[in-house]
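Working notes, beginning with the structure itself.
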Amino acid sequence: GESVGLHLPTLSVQEGDNSIINCAYSNSASDYFIWYKQESGKGPQFIIDIRSNMDKRQGQRVTVLLNKTVKHLSLQIAATQPGDSAVYFCAESNQAGTALIFGKGTTLSVSS
Amino acid sequence: GAGVSQSPSNKVTEKGKDVELRCDPISGHTALYWYRQSLGQGLEFLIYFQGNSAPDKSGLPSDRFSAERTGGSVSTLTIQRTQQEDSAVYLCASSFSGRAGYNEQFFGPGTRLTVL
């Protein structure tokens, strides 16, 4: 199944389902957004990014959607696999373009 | 190829002691970033280096925190007179060029600091 809505700290899905992870960002002037995946004991790993002049971008099994009107970002993972279990963070570029501002993260648990 | 490396992987220290954390960025990356991640939280920006430009220190939480980057490569984050609230994972990242807005940051595995 899918879960759509406001930011949730945890999301549990069955293997093969589609997952949707949501994120709200703060700065309407942000021009770059990125999703990272962090497995336990490791640093964050890049998944996909999107610039503000786009509203959708697709990668391999992942899609990022950007709604600038409501300052909302989402990550869709198709056919979720157990290896997708991790914490997912959205991030936006700060105004100076010198760093990323990270959200709180959503823990995705995939059961087989 | 080699990614971002950090050392030590774990550091346990006593309150009041100074600690140094090291980061080796990916070769050729001109930008280097330090972040802090407290347990169960997102990443908090600390400092940013880009080439020979003055670093952006706006994220450093207090004057006990400092960082330097020698020769445009290796960076050291120093925390003086450590406090228990400094306990966290300290993550380093590097990117090919400086603008965080348009370049993927590659993260190291982090240094887990525990202050007793």
Tyr35(B)/Phe102(A) aromatic ring centres below 6.0 Å: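 They qualify: ring centres under 6.0 Å apart.
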Separation of [Y] [atom2] from [X] [atom1] (nearest 0.5 Å):
{"X": "Asn94(A)", "Y": "Phe45(B)", "atom1": "CG", "atom2": "CZ", "value": "6.5 Å"}
{"X": "Gln41(B)", "Y": "Phe89(A)", "atom1": "CD", "atom2": "CZ", "value": "8.5 Å"}
{"X": "Glu104(B)", "Y": "Ile47(A)", "atom1": "CD", "atom2": "CD1", "value": "10.5 Å"}
{"X": "Leu91(B)", "Y": "Lys42(A)", "atom1": "CG", "atom2": "NZ", "value": "14.0 Å"}

Answer yes or no: are there more than 12 heavy-atom neighbours, outside [X] itself, under 6.0 Å from its atom [atom1]?
{"X": "Gln60(A)", "atom1": "CD", "answer": "no"}
{"X": "Leu116(B)", "atom1": "CG", "answer": "yes"}
{"X": "Asn53(A)", "atom1": "CG", "answer": "yes"}

Please answer: with hydrophobic residues joined when any side-chain heavy atoms are less than 4.5 Å apart, are [X] and [Y] in the same cluster?
{"X": "Ile26(B)", "Y": "Phe96(B)", "value": "no"}
{"X": "Trp35(A)", "Y": "Leu65(A)", "value": "no"}
{"X": "Val4(B)", "Y": "Tyr90(B)", "value": "no"}
{"X": "Ile101(A)", "Y": "Leu46(B)", "value": "no"}
{"X": "Val12(B)", "Y": "Val115(B)", "value": "no"}

Trace of the ring-ring contact (aromatic ring centres under 6.0 Å, His included) decision for Phe107(B) with Phe46(A): CA-CA 9 Å; Phe107(B) 283 84; Phe46(A) 171 86; over 10 Å; no
Structural part of Glu44(B) lying under 4.5 Å from a heavy atom of chain A: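 It is neither, since no heavy atom gets under 4.5 Å.
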Residues Gln105(B), Leu100(A); criterion side-chain contact (heavy atoms from CB on, under 4.5 Å); working and verdict: CA-CA 9 Å; Gln105(B) 295 181 24; Leu100(A) 295 171; 3.4 Å; yes
Max heavy-atom pair count under 4.5 Å with chain B, selected residue of Ser30(A), Gly41(A), Pro44(A): Pro44(A)
Chain B interface, residue from Gly43(A), Gly103(A), Ala91(A) that has the most non-hydrogen pairs under 4.5 Å: Gly43(A)
Toward chain B, the part of Gln45(A) with a non-hydrogen atom under 4.5 Å: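 For Gln45(A), neither part sits under 4.5 Å from chain B.
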